[in-house]
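Proteins get letters first, then strands, A, B, ... in listed order; numbering begins at 1 in each. Small disclaimer: the values here were computed from a predicted structure and weren't measured. Heavy atoms only: backbone and side chains are in, while hydrogens, waters and symmetry mates are out.
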Number of protein chains: 2
Amino acid sequence: MTVVQVAKSSRRVGSAGVAACEAEDGHLRPDGQDQYTISEVAGFTGLSAHTLRWYERIGLMPHVDRSHTGQRRFSNRDLDWLAFVGKLRLTGMPVADMVTYAELVREGDHTFAQRRAMLESTRCDVLQRIAELQDTLTILDHKISTYAGAQCAPERTA
Amino acid sequence: MTVVQVAKSSRRVGSAGVAACEAEDGHLRPDGQDQYTISEVAGFTGLSAHTLRWYERIGLMPHVDRSHTGQRRFSNRDLDWLAFVGKLRLTGMPVADMVTYAELVREGDHTFAQRRAMLESTRCDVLQRIAELQDTLTILDHKISTYAGAQCAPERTA
DNA sequence: TGCTTGCCTGGAGTGCACTCCAAGGTCTTA
DNA sequence: TAAGACCTTGGAGTGCACTCCAGGCAAGCA
């Protein structure tokens, strides 16, 4: 069932906005900058620098430019991609599947159908997950109200 | 590589119904039976027998009766508890926290306030998670419609 | 020139939640 | 009575997603 468990660590993956379309052009940020160090990107995304390097190593980051000294220089497009990956991560999709998706993106436009199928399958998972969580919420509410009723001190009459 | 491994094992944790209240009495199943072997419970819950033993070992199963030969005999109350644990698991709550909750239950009624606080915190997590997933859904839908538009063959005009 | 800070790499380590194993005891059916 | 399915235990192993480490390079500043 793939119980997710994202949680912890101030995640700000979504900060790069809703765009996150690997086929779109890298639109510049307000300050016009389009070069970010790994620690800047770590700050933007909430991912650690380690994790960003690891993402690149396993093929989840398509390709990151380098400075003349070999240091990574992330672009706005990279940030958009990371934001999208963050969303996929929230769905509970395994990293291996995200890598598969990234490979399809790299292969070009003829993989549109496959990509779409993956996303539609993910969409179903998300819908199911939301339903599960809402069901769980009902049970939690029931239990919480039981506890609330059982506590003699009505410090908060719900 | 690419180990696609989504959603295995038919989970039927919720089969015990919405009850799942550790303070309630063990209401009998329609067949009047109240003794289940570990493999039966594994079948009911979708958890493996290994996992059920492990749950007991770490203190997540309060106490399971034994037959005269030492084999586990799960009761309806155990099933209810497992159903509730399954719900907590769906929320992404770590097993360690669930063990803490189980310990509070074992300690008796004077831990009601703490238990309630835990559940309320979990409730908040669930609400946040649902919001995240709904946000993700929006993005998935946007992307899927992009792909749908890009595919020349309109075999399914959405 | 030396110090600090930030970055690089491959590989090893971590934490979680199981999952399996070996070796043996028990139950059920023929 | 015997075969085979099912159960027991503690401890080791697995897979995932990071997370850290050692050793080293490069830039900026006093």
Candidates [options] - which lies nearest the side chain of [X]:
{"X": "Pro94(A)", "options": "dC7(D), dT19(D), dA17(D)", "value": "dA17(D)"}
{"X": "Val95(A)", "options": "dC18(C), dA26(D), dA17(D)", "value": "dA17(D)"}
{"X": "Thr37(B)", "options": "dC7(D), dT19(D), dC7(C)", "value": "dC7(D)"}

- Message: When the axes are fitted on five pairs at both termini, how much does the helix from dT1(C)-dA30(D) to dA30(C)-dT1(D) curve, in 10° steps?
- Response: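 Result, rounded to 10 degrees: 0°.
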- For Met93(B) and Arg73(B), take the nucleotide of DNA chain C holding the closest heavy atom to each; which residue's nucleotide lies nearer the 5' end?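 Result: Met93(B).
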- Item | Flag side-chain contact, heavy atom, 4.5 Å: Val41(B) against Leu47(B) |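 Side chain of Val41(B) against side chain of Leu47(B), heavy atoms only: no contact under 4.5 Å found.
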- Task: Would you mind reporting whether Asp78(A) and Met61(A) have side-chain heavy atoms less than 4.5 Å apart?
- Result: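 When only atoms from C-beta onward are counted, Asp78(A) and Met61(A) do touch, with a gap below 4.5 Å.
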- Message: Any carboxylate oxygen within less than 4.0 angstrom of a Lys/Arg side-chain nitrogen, looking at Glu132(B) and Arg129(B)?
- Response: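 Counted as a salt bridge, because a side-chain N and a carboxylate O are separated by less than 4.0 Å.
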- Message: One thing to verify: whether Arg77(B) and Asp34(B) come together as a salt bridge, which I'm taking to mean a side-chain N less than 4.0 angstrom from a carboxylate O.
- Response: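 Looking at Asp34(B) and Arg77(B), the cut-off is not met.
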Check the distance between [N]'s [atom2] and [X]'s [atom1] and give it to me in whole angstrom.
{"X": "Leu47(A)", "N": "dT19(D)", "atom1": "CG", "atom2": "P", "result": "9 Å"}
{"X": "Ile58(B)", "N": "dT19(C)", "atom1": "CD1", "atom2": "P", "result": "13 Å"}
{"X": "Leu88(B)", "N": "dA17(C)", "atom1": "CG", "atom2": "P", "result": "13 Å"}
{"X": "Ile38(A)", "N": "dA27(D)", "atom1": "CD1", "atom2": "P", "result": "17 Å"}

Please tabulate the protein-to-nucleotide N/O contacts below 3.5 Å involving nucleotides 9-14 of chain C, giving atom names and distances.
unit_1  : atom_1 : unit_2   : atom_2 : d
dT9(C)  : OP1    : Arg66(A) : NH1    : 3.3
dT9(C)  : OP1    : Arg66(A) : NH2    : 3.2
dT9(C)  : OP2    : Arg72(A) : NH1    : 3.0
dT9(C)  : OP2    : Arg72(A) : NH2    : 2.5
dG11(C) : N7     : Arg57(A) : NH1    : 3.3

- Task: Fit a plane to each ring of Phe84(B) and Tyr101(B), take the angle between them on a 0 to 90° scale, and name the class: parallel (under 30°), tilted (30 to 60°) or perpendicular (over 60°).
- Result: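 Plane angle between 30° and 60°, so tilted.
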- Closer to the 5' end of DNA chain D via nearest nucleotide, is it Thr69(A) or Trp54(A)?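 The residue mapped nearer the 5' terminus is Trp54(A).
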- Message: Need to verify one output field. Residue with the more 5' nearest nucleotide on DNA chain D, Tyr55(A) or Gln71(A)?
- Response: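 Result: Tyr55(A).
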- Between Ser39(B) and dC7(D), does any side-chain N or O lie under 4.0 Å from OP1 or OP2?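 Checking dC7(D) against Ser39(B), a side-chain N or O does come within under 4.0 Å of OP1 or OP2.
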- Message: Just to verify, what does Asp125(B) make a side-chain contact (heavy atoms from CB on, under 4.5 Å) with, not counting sequence neighbours?
- Response: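 Only Ser121(B) meet the side-chain contact (heavy atoms from CB on, under 4.5 Å) criterion with Asp125(B).
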- Looking at Ile144(B), Leu140(B), Asp141(B), which one forms a side chain to side chain contact (heavy atoms under 4.5 Å, CB included) with Glu120(A)?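 Of the listed options, the one satisfying the test is Ile144(B).
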- Message: Could you check whether any side-chain N or O of Thr111(A) sits under 3.5 Å from a backbone N or O of Gln114(A), counting only pairs where one atom can act as donor and the other as acceptor?
- Response: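 Not confirmed, Thr111(A) side chain does not pair with Gln114(A) backbone.
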- Message: Please give me the minimum heavy-atom distance between Leu52(A) and Leu82(A), naming the atom from each residue.
- Response: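 That closest heavy-atom pairing would be CD2-CD1, 3.6 Å.
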